[in-house]
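What follows is a short report on a single structure.
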Amino acid sequence: MEKIKMTTPLVEMDGDEMTRILWKLIKDELLLPFVDLKTEYYDLGLDYRNETNDQVTFDSAEATKKYGVAVKCATITPNAARMPEYNLKEMWKSPNGTIRAILDGTVFRAPIIVKGIEPYVKNWTKPITIARHAYGDVYKGVEMKIPAAGKAELVYTNEAGEETRELIHNFEGAGILQGMHNLNASIESFARSCFNYALDTKQDLWFATKDTISKKYDHTFKDIFNDIYEAEYKEKFESAGIEYFYTLIDDAVARVMRSEGGYIWACKNYDGDVMSDMVATAFGSLSMMTSVLASPNGYYEYEAAHGTVQRHYYKHLKGEETSTNPIATIFAWTGALRKRGELDNLPELMTFADKLEKACITTIENGEMTGDLYLISTLENKKKLNTQDFILAIRKTLEGLM
């Protein structure tokens, strides 16, 4: 069979630990035999990020601006324990945070639904899409350890040199502080991305923050969403028969748990990070969730919503068998290939992406799955496969579809 052609490269961002192992298996078994794959490769593994002083992360984001579509493997955001493990020069920031800050836009995450995997929240009969703001807050935070008594202030200096000060705290002893920021322009992009996605998918849109406590920071998010909705989207939503409403994050969580799903839940950056993990796990597995960063400038970055599966990687290093779920990483590739095909008018590439996704779902629904799904599947005839055998089972299904 002749391989499917590509005309424009994808930006390929390799990653860390067990997902790096999956990355190669997916390419070797599910992509390269069928697609004449064109990528511009960036190694975002922690070793190379450290070697380049994290310049490779910035380069990969700029390449995404150039080519328009990227696919990213899960990467390590180092903590103190990682410093000696990887002999790091410094505790590098989240590569996802860096890339999202450069590309702006919104991260949309939705569960991958398969028969036999029942949600833990029994009334969730429809998917819940998390729309996560992709810039700022704690991911661009500046932190400081306070060694002893003293005064901490927020200071803003305008272009004329005039200062505005706000007391943070009079420290009587040691402590910690963090400065966060966001940009009105980024919040506006976030709002429009959410409103547009809701109209495209004909789903209600919820948005929630903690504006009762954060009367300037969070309240600004609320106000910008409301102003844009009233000025640009209210009539469109009413014509489409869908609803936008704002509520406190506390109330939103309660509403979500009582709902049947089938809507978009827009969240600030950290809220979206946490809630997308909750939604994914409640629908079955962190490895069963799609994630795409959609920029208002037309850039798309597809990734898995989960981490690097450190525990499985340490087992792999010992030569022990693993049963790691690759579905989210496969769907990152299929999402990127489909978007590349759409932008380049390559229907064969789009069809291949559809077939690979169908092969994944069909394989699981036929009873062949990894350990995380095996434990929760209600199928009667099911079989737990190791990592490589599961990918080979998907390939066999894919070959039948091709």
Side-chain angles (χ1 to χ4, degrees), residues 9-33 35 37 39-61 63-64 70-79 81-88 91-99 277 285-291 293 301-337 356 360 370-372 385-392 394-395:
L10 293 172
V11 177
E12 177 186 351
M13 306 174 185
D14 209 344
D16 287 297
E17 297 188 320
M18 197 63 206
T19 44
R20 190 181 182 97
I21 306 299
L22 293 177
W23 198 257
K24 187 176 187 307
L25 282 170
I26 290 164
K27 286 178 67 177
D28 288 348
E29 297 295 340
L30 301 178
L31 301 178
L32 293 172
V35 179
L37 197 63
T39 71
E40 186 165 300
Y41 178 87
Y42 292 86
D43 185 355
L44 267 58
L46 192 50
D47 283 326
Y48 193 64
R49 290 178 56 215
N50 189 58
E51 183 182 328
T52 64
N53 297 321
D54 210 24
Q55 184 60 44
V56 64
T57 305
F58 292 85
D59 292 345
S60 69
T64 305
V71 58
K72 181 182 174 295
C73 184
T75 47
I76 293 169
T77 300
N79 55 17
R82 298 290 199 171
M83 295 291 287
E85 181 181 358
Y86 283 86
N87 193 27
L88 299 180
M91 207 180 298
W92 305 110
K93 291 191 174 183
S94 161
N96 288 338
T98 298
I99 293 165
D277 282 0
S285 169
L286 286 172
S287 296
M288 297 294 287
M289 182 168 247
T290 62
S291 180
L293 172 69
E301 185 238 338
Y302 295 81
E303 61 179 346
H306 59 74
T308 57
V309 203
Q310 179 184 12
R311 182 172 58 87
H312 285 202
Y313 181 61
Y314 289 164
K315 288 181 67 176
H316 172 80
L317 290 179
K318 293 176 184 177
E320 299 176 12
E321 186 173 272
T322 65
S323 184
T324 314
N325 191 335
I327 295 295
T329 304
I330 295 171
F331 273 59
W333 274 103
T334 56
L337 289 170
L356 179 49
C360 291
T370 47
D372 60 325
L385 301 180
N386 65 34
T387 306
Q388 186 159 1
D389 286 349
F390 179 59
I391 289 175
L392 291 174
I394 293 171
R395 176 169 176 171

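All residue numbers refer to positions in the sequence shown, counting from 1. This is a predicted model, so every value here is computed, not measured.
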Report task. With side-chain contact (heavy atoms from CB on, under 4.5 Å) as the test, would you mind laying out the steps for M18 and T322 before giving the verdict? Result -> CA-CA 9 Å; M18 197 63 206; T322 65; 3.4 Å; yes
Report task. Answer yes when K72 and E12 have at least one side-chain N-carboxylate O distance shorter than 4.0 Å, and no when they do not. Result -> no
Query raised in the report: Rounded to the nearest 0.5 Å, how far apart are CH2 of W92 and CG of N50?
Result: 6.0 Å
Query raised in the report: Do other residues, nucleotides or ligands put more than 12 heavy atoms under 6.0 Å from the OH atom of Y86?
Result: yes
Query raised in the report: Got a donor-acceptor contact below 3.5 angstrom from the R49 side chain to the I76 backbone?
Result: yes
Query raised in the report: Which pair of non-hydrogen atoms, one from C360 and one from I327, has the smallest distance, and what is that distance?
Result: CB-CD1, 3.6 Å
Report summary line: When rounded to the nearest 0.5 Å, the distance separating CG of L25 from OG1 of T19 is 12.0 Å
Query - Spatial distance of atom CG (N386) from atom CZ (F390) [nearest 0.5 Å] - result: 11.0 Å
Query raised in the report: Would you say the side chain of E17 lies within less than 4.5 Å of the side chain of V309, judging by non-hydrogen atoms?
Result: no
Report summary line: Only one of L30, L31, N325 passes side chain to side chain contact (heavy atoms under 4.5 Å, CB included) with I330, and that residue is L30
Requested in this report: Assess whether side-chain contact (heavy atoms from CB on, under 4.5 Å) is satisfied between T64 and M13, documenting all intermediate values.
Outcome: CA-CA 10 Å; T64 305; M13 306 174 185; 3.3 Å; yes
Requested in this report: Could you tell me which non-hydrogen atom of D54 sits nearest to which non-hydrogen atom of K93, and how far apart they are?
Outcome: OD2-O, 4.5 Å
Requested in this report: Report yes if the side chains of C73 and L44 come closer than 4.5 Å at any heavy-atom pair, otherwise no.
Outcome: no
Query - Between CD1 on residue I391 and CG on residue L22, distance to nearest 0.5 Å - result: 5.5 Å
Query raised in the report: Hey, are the side chains of L10 and W333 touching, using non-hydrogen atoms and a 4.5 Å cut-off?
Result: yes
Report task. Kindly give the heavy-atom pair with the smallest separation between T75 and D14, and that separation in Å. Result -> CG2-O, 4.1 Å
Query raised in the report: Going by heavy atoms in the side chains, are L337 and L37 under 4.5 Å from each other?
Result: yes
Report summary line: Smallest heavy-atom separation, R395 atom then D28 atom, equals NH1-O, 4.3 Å
Report summary line: Here the gap from S60 atom OG to I99 atom CD1, rounded to the nearest 0.5 Å, amounts to 4.0 Å
Report task. Identify the two heavy atoms, one from P78 and one from M91, that lie closest to each other, and give their separation to 0.1 Å. Result -> O-CG, 3.3 Å
Query raised in the report: Short question: side chain of N79, backbone of A81 - any donor-acceptor pair under 3.5 Å?
Result: yes
Requested in this report: Report yes or no: does S323 contribute a side-chain atom to a donor-acceptor pair with the main-chain N or O of L385 at less than 3.5 Å?
Outcome: yes
Report task. Please name the pair of heavy atoms, one in A63 and one in Y42, separated by the smallest distance, quoted to 0.1 Å. Result -> CB-OH, 3.3 Å
Query raised in the report: Would you call D43-R20 a salt bridge at under 4.0 Å N-O?
Result: yes
Query raised in the report: Is there a side-chain contact between D389 and L392 (heavy atoms, below 4.5 Å)?
Result: yes
Query raised in the report: How far apart are the C-alpha atoms of E303 and N96, what are their side-chain angles, what is the distance that settles it, and do they pass the side-chain contact (heavy atoms from CB on, under 4.5 Å) test?
Result: CA-CA 10 Å; E303 61 179 346; N96 288 338; 3.3 Å; yes
Requested in this report: Decide, yes or no, whether a salt bridge links E320 with R311 under the criterion of side-chain N to carboxylate O below 4.0 Å.
Outcome: no
Query raised in the report: Side chains of V71 and W23: does their closest heavy-atom pair fall under 4.5 Å?
Result: yes
Query raised in the report: Does the side chain of T57 pick up a donor-acceptor pair with the side chain of T98 at under 3.5 Å?
Result: no
Query raised in the report: Rounded to the nearest 0.5 Å, how far apart are CD of E301 and OG of S291?
Result: 7.5 Å
Query raised in the report: Where the side chain of T370 meets the backbone of T324, is there a donor-acceptor pair that is under 3.5 Å apart?
Result: no
Report task. Indicate yes or no: at least one non-hydrogen side-chain atom of I26 is less than 4.5 angstrom from one of P326. Result -> yes
Requested in this report: Please tell me if the side chains of K315 and Q310 come closer than 4.5 Å, counting only heavy atoms from C-beta onward.
Outcome: no
